[in-house]
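Both counts, for ligands and for their atoms, begin at 1 and track the order of listing.
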Amino acid sequence: MSTPAIAILGTGAHAPAKVLTNHELARLIDTTDEWIVTRTGIRERRIAGKNESTATMAAAAARAALSDAGVTADQIDLVILATLTPDLPMPATACLVQDLLGVPARAACFDLNAACSGFIYGLDTAWAMLASGRYHHALVIGAEKMSSIVDWTDRSTCVLFGDGAGAAVLGPARGTAQILGTRLYAEGAHAHLLSIPRGPKPVIQMKGREVFKNAVRQMEDAVREILEQHGLTAAQISSVIPHQANIRIIESLAQYLGLPLERFVINLDRHGNTSAASIPLALDQARRSGRVRAGDTTLLVAFGAGLTYGSALVRW
Ligand code: UT7
């Protein structure tokens with residue numbers, strides 16, 4: 001029995017209004033705009049306001065995705081929220097988002113934590129659930145309030161992260177657009193490299209250099225394997241949407257693939273690393289600006305704490 005084709009029917013995003021520039025950060029901690037730009041490519045990031053939570057940002061992105069897809073909240077029967085910054089340990093923030101959107105009670109709603117790879121993990125999960133025929137329309141959301149778990153006295157991490165949300169509506173393919181494939185991975189042996197240990201005020205701790213080295217290897221593996229599996233060459237990929245962590249990681253992936261940097265969607269200069277929100281935020285901006293068009297084949301690729309990593313191929 002062949003499985004039904006499932007597609008991304010629409011996307012949406014939300015970025016908080018407040019911008020925090022490198023220059024502003026340099027007045028708060030011992031850093032410079034020059035160091036941050038040279039080492040990471042980041043120039044500014046968005047910071048959630050007092051009344052903005054992971055749930056409200058997720059709901060805003062989801063509303064935009066529903067409208068883009070022409071799907072109503074009462075057609076949704078699955079909400080997967082990828083986040084490492086849930087509003088509360090329980091209930092799942094996906095349930096708070098369900099309530100904000102008016103998604104009906106027959107929907108399954110849960111959070112998923114695969115850190116910065118969360119959106120690709122969510123895409124894979126929702127795709128499988130929809131292809132089973134037991135669910136019909138899904139919201140896959142990546143939303144993060146990273147500003148709440150950053151150690152604002154640690155210059156090696158606090159300059160990297162930002163807040164935001166991105167969302168996709170998945171449903172039965174309407175034309176030739178469809179999700180072609182996904183690959184997920186995890187290497188728990190490296191879990192200690194990037195974590196939020198328990199403590200009075202839990203904050204991110206990271207061995208940046210080691211994460212960097214692993215990220216390059218993992219993204220290359222995730223890309224090589226998915227291209228091989230689908231009999232595609234890098235040249236046949238219209239655009240790559242990588243996790244937005246560090247421009248130097250993206251540059252080394254571009255070099256490995258033999259693709260010009262122009263083929264990559266990059267917004268980390270304006271948003272920093274928004275973890276699970278990073279790929280859907282960049283994807284929505286790329287679609288709305290015409291960078292991703294009907295007929296294109298897009299490659300998504302991420303890495304993050306776990307260490308998790310993964311890739312996805314999407315035809316539009
Ligand atoms: O989504 C996954 C999240 N994680 C990542 O993406 C992290 C991947 N890693 C990285 O992006 C890079 O490793 C960093 C950007 C975090 C750091 O860049 P690096 O080139 O690996 O620098 P480093 O950690 O080797 O530090 C070099 C120097 C150190 O000084 P010394 O020991 O050489 O005197 C740091 O103390 O840079 C110093 N430094 C800073 N200086 C100014 C670290 N952070 C800063 C800063 N401003 N913000």
Side-chain angles (χ1 to χ4, degrees), residues 20-45 82-85 112-122 142-147 149-166 184-188 190-197 203-220 222 241-254 264 266-269 271-282 300-311:
L20 177 63
T21 65
N22 291 351
H23 292 288
E24 288 170 287
L25 265 177
R27 289 200 284 274
L28 305 172
I29 53 164
D30 180 17
T31 191
T32 60
D33 173 61
E34 200 256 332
W35 190 95
I36 304 172
V37 171
T38 319
R39 300 290 178 119
T40 72
I42 298 165
R43 293 180 184 277
E44 59 187 42
R45 69 286 294 139
T83 188
L84 64 90
T85 52
L112 180 160
N113 182 349
C116 305
S117 311
F119 184 74
I120 292 182
Y121 266 66
E144 301 282 15
K145 191 170 174 177
M146 298 302 285
S147 58
I149 49 139
V150 154
D151 177 353
W152 288 102
T153 64
D154 176 6
R155 67 175 183 173
S156 69
T157 52
C158 76
V159 302
L160 304 174
F161 297 99
D163 300 334
L184 304 182
Y185 310 78
E187 292 175 358
H190 298 305
H192 62 286
L193 295 180
L194 180 50
S195 64
I196 304 177
V203 288
I204 294 182
Q205 286 183 14
M206 178 173 72
K207 296 201 188 319
R209 235 180 258 183
E210 279 94 321
V211 173
F212 189 109
K213 273 187 266 167
N214 281 293
V216 170
R217 170 183 60 81
Q218 292 167 337
M219 301 244 277
E220 288 178 2
I241 306 190
H243 173 45
Q244 309 283 317
N246 188 317
I247 191 67
R248 292 187 289 138
I249 294 176
I250 298 174
E251 282 166 353
S252 82
L253 183 64
F264 288 68
I266 295 165
N267 70 3
L268 61 79
D269 52 325
H271 294 279
N273 179 348
T274 57
S275 184
S278 142
I279 288 180
L281 185 61
L300 314 180
V301 56
F303 70 93
L307 296 176
T308 58
Y309 52 114
S311 51

(request) Would you check, one step at a time, whether the test side-chain contact (heavy atoms from CB on, under 4.5 Å) holds for I120 with L184? (result) CA-CA 8 Å; I120 292 182; L184 304 182; 3.8 Å; yes
(message) Which residue in the set I279, L268, V301 passes side chain to side chain contact (heavy atoms under 4.5 Å, CB included) when paired with P242?
(response) V301
(message) Quick one, H243 with N273, criterion side-chain contact (heavy atoms from CB on, under 4.5 Å). Give me CA distance, side-chain angles, the key distance, then yes/no.
(response) CA-CA 8 Å; H243 173 45; N273 179 348; 3.0 Å; yes
(request) Over 60° means perpendicular and under 30° means parallel, so classify the ring planes of Y185 and Y309, tilted if in between. (result) parallel
(request) Apply side-chain contact (heavy atoms from CB on, under 4.5 Å) to R45 and L25, showing your working. (result) CA-CA 10 Å; R45 69 286 294 139; L25 265 177; 3.5 Å; yes
(message) Walk me through whether L193 and F212 qualify under side-chain contact (heavy atoms from CB on, under 4.5 Å).
(response) CA-CA 10 Å; L193 295 180; F212 189 109; over 6 Å; no
Pick out the protein N or O atoms lying less than 3.5 Å from any N or O of ligand 1, and list each pair with its distance.
| from | atom 1 | to | atom 2 | distance (Å) |
| --- | --- | --- | --- | --- |
| ligand 1 | 1 (O) | H243 | NE2 | 2.9 |
| ligand 1 | 1 (O) | N273 | ND2 | 2.9 |
| ligand 1 | 9 (N) | G208 | O | 3.0 |
| ligand 1 | 11 (O) | N246 | ND2 | 2.7 |
| ligand 1 | 13 (O) | G208 | O | 3.2 |
| ligand 1 | 20 (O) | R39 | NH1 | 2.8 |
| ligand 1 | 20 (O) | R248 | NH2 | 3.0 |
| ligand 1 | 22 (O) | R39 | NH1 | 3.2 |
| ligand 1 | 25 (O) | R209 | NE | 2.6 |
| ligand 1 | 25 (O) | R209 | NH2 | 2.4 |
| ligand 1 | 36 (O) | R155 | NH2 | 3.1 |
| ligand 1 | 37 (O) | W35 | NE1 | 3.2 |
| ligand 1 | 41 (N) | W35 | NE1 | 3.4 |
| ligand 1 | 47 (N) | T31 | OG1 | 2.7 |
| ligand 1 | 48 (N) | T31 | OG1 | 3.1 |
| ligand 1 | 48 (N) | R155 | O | 2.9 |

